[in-house]
There are 2 protein chains.
Amino acid sequence: MSRHRKDAVIESIFQALADRTRRQMIERVSQSPATVSELARPFSITLAAAVQHVQLLERSGLVRTEKQGRVRLVMIDPAGLSTLRLWLDDRRNLWETRLDGLSAILRENPKR
Amino acid sequence: MSRHRKDAVIESIFQALADRTRRQMIERVSQSPATVSELARPFSITLAAAVQHVQLLERSGLVRTEKQGRVRLVMIDPAGLSTLRLWLDDRRNLWETRLDGLSAILRENPKR
DNA sequence: ATAATAGTTAAGTTTCCACTTGACTATTTT
DNA sequence: AAAATAGTCAAGTGGAAACTTAACTATTAT
């Protein structure tokens with residue numbers, strides 16, 4: 001997978017999770033699969049808005065969905081958040097190798 | 001810390017990282033501290049824009065800064081990303097307790 | 001002291017994002 | 001078959017976000 005593509009995936013994940021409504025939808029769906037209507041209910045938004053949120057979450061890889069009859073089931077896709085975890089681990093490795101120097105800097109600046 | 005406040009912190013972190021320019025700034029600063037001008041250079045943006053990005057990153061807790069003379073040094077704040085890590089761990093626990101049921105569902109839907 | 005450098009702030013512009021309404025399709029229910 | 005339900009799509013609106021320019025302050029170099 002190209003660096004650019006990978007970055008686009010990460011970007012869509014951060015964008016998806018930057019919205020409070022979508023974070024709560026993820027939370028809900030982490031418990032058990034839910035329909036789009038069920039995801040809309042707790043918020044004062046139209047069904048159309050909920051559909052858009054779900055589509056965005058699906059494009060980012062955070063959820064999978066499956067249409068069953070006239071209902072669409074939305075379920076968590078563990079792959080989505082492990083992508084995020086991998087990104088986070090990579091970044092942490094980056095600065096942990098530098099942590100000795102950094103901690104020296106932090107020691108000089110005890111504020112916070 | 002209240003749930004609402006905590007959520008606001010998480011939100012600001014996701015929002016900060018949803019922007020490609022800011023993610024690259026974080027990447028740069030993970031290696032070693034950098035000035036605002038140094039952070040602006042790789043991108044075709046004005047210094048003023050870079051200042052705004054840095055301010056946003058600082059408000060989200062992802063970086064610390066310190067003014068030295070006419071220069072502002074920007075450095076990674078490990079606390080920022082560990083907040084993100086904690087959030088991620090919490091969510092993972094949520095659905096890992098549900099993973100047995102979920103994997104059954106996934107087995108029924110081998111697509112992907 | 002003057003000039004150059006680094007950053008900051010305010011204000012305006014453009015672009016993007018969340019949301020709504022309204023028309024439409026497909027599936028259940030009655 | 002008709003009515004209700006669940007979702008989808010397109011187009012439009014409003015507000016937030018990213019960016020610019022321009023005027024200004026503080027520090028360092030000549």
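Numbered from 1 within each chain, the chains take letters A, B, ... in sequence-line order.
Among the protein residues, Ser44(A) comes within range of the sugar-phosphate backbone only, with heavy atoms under 4.0 Å from sugar or phosphate atoms but none that close to a base. Here Arg22(B) lies in heavy-atom contact (under 4.0 Å) with sugar-phosphate atoms only. No engagement by Ala50(B) is indicated, since no non-hydrogen atom pair under 4.0 Å with the nucleic acid exists. Heavy atoms of Ile45(A) sit under 4.0 angstrom from primed sugar atoms or phosphate atoms, though from no base atom. Counting any heavy atom pair closer than 4.0 Å across all strands shown, Val71(B) reaches sugar-phosphate atoms only and no base atom.
Nearest nucleotide to the Asp19(A) side chain, out of dG7(C), dT8(D), dA18(C): dA18(C). Here the nucleotide nearest the side chain of Lys67(A), chosen from dT8(D), dT20(D), dA18(C), is dT8(D). Out of dT20(D), dT28(C), dG22(C), the shortest distance to the side chain of Arg70(A) is found at dT28(C). Closest to the side chain of Gln52(A), out of dT28(D), dT20(C), dT5(D), is dT20(C). The listed nucleotides are dA18(D), dG7(C), dC19(D); the one nearest the side chain of His53(B) is dC19(D). Looking at the side chain of Thr46(B), the nearest of the listed nucleotides dT20(D), dA18(C), dA6(C) is dT20(D). For Arg72(A), taking side-chain heavy atoms from C-beta onward, the closest of the listed nucleotides dT8(D), dT21(C), dT8(C) is dT8(D).
Taken from OG1 in Thr35(B) to CZ in Arg72(B), the straight-line distance is 11.5 Å, to the nearest 0.5 Å. The distance from atom CG of Leu57(A) to atom CG of Leu17(A), rounded to the nearest 0.5 Å, is 7.5 Å.
The nearest whole Å value for the distance from the CG atom in Leu73(B) to the P atom in dT8(C) is 11 Å. We find that CG of Leu47(A) is positioned 16 Å from P of dT27(C), with the value rounded to whole Å. Regarding Arg20(B), its CZ atom lies at a distance of 18 Å from the C1' atom of dA17(D), rounded to whole Å. The nearest whole Å value for the distance from the CD atom in Gln15(B) to the P atom in dG15(D) is 18 Å.
Between the side chains of Gln24(B) and Arg20(B), at least one donor N or O lies within less than 3.5 Å of an accepting N or O.
Projected onto DNA chain C by closest heavy-atom contact, Gly69(A) and Ala18(A) fall at different nucleotides, the more 5' of which corresponds to Ala18(A).
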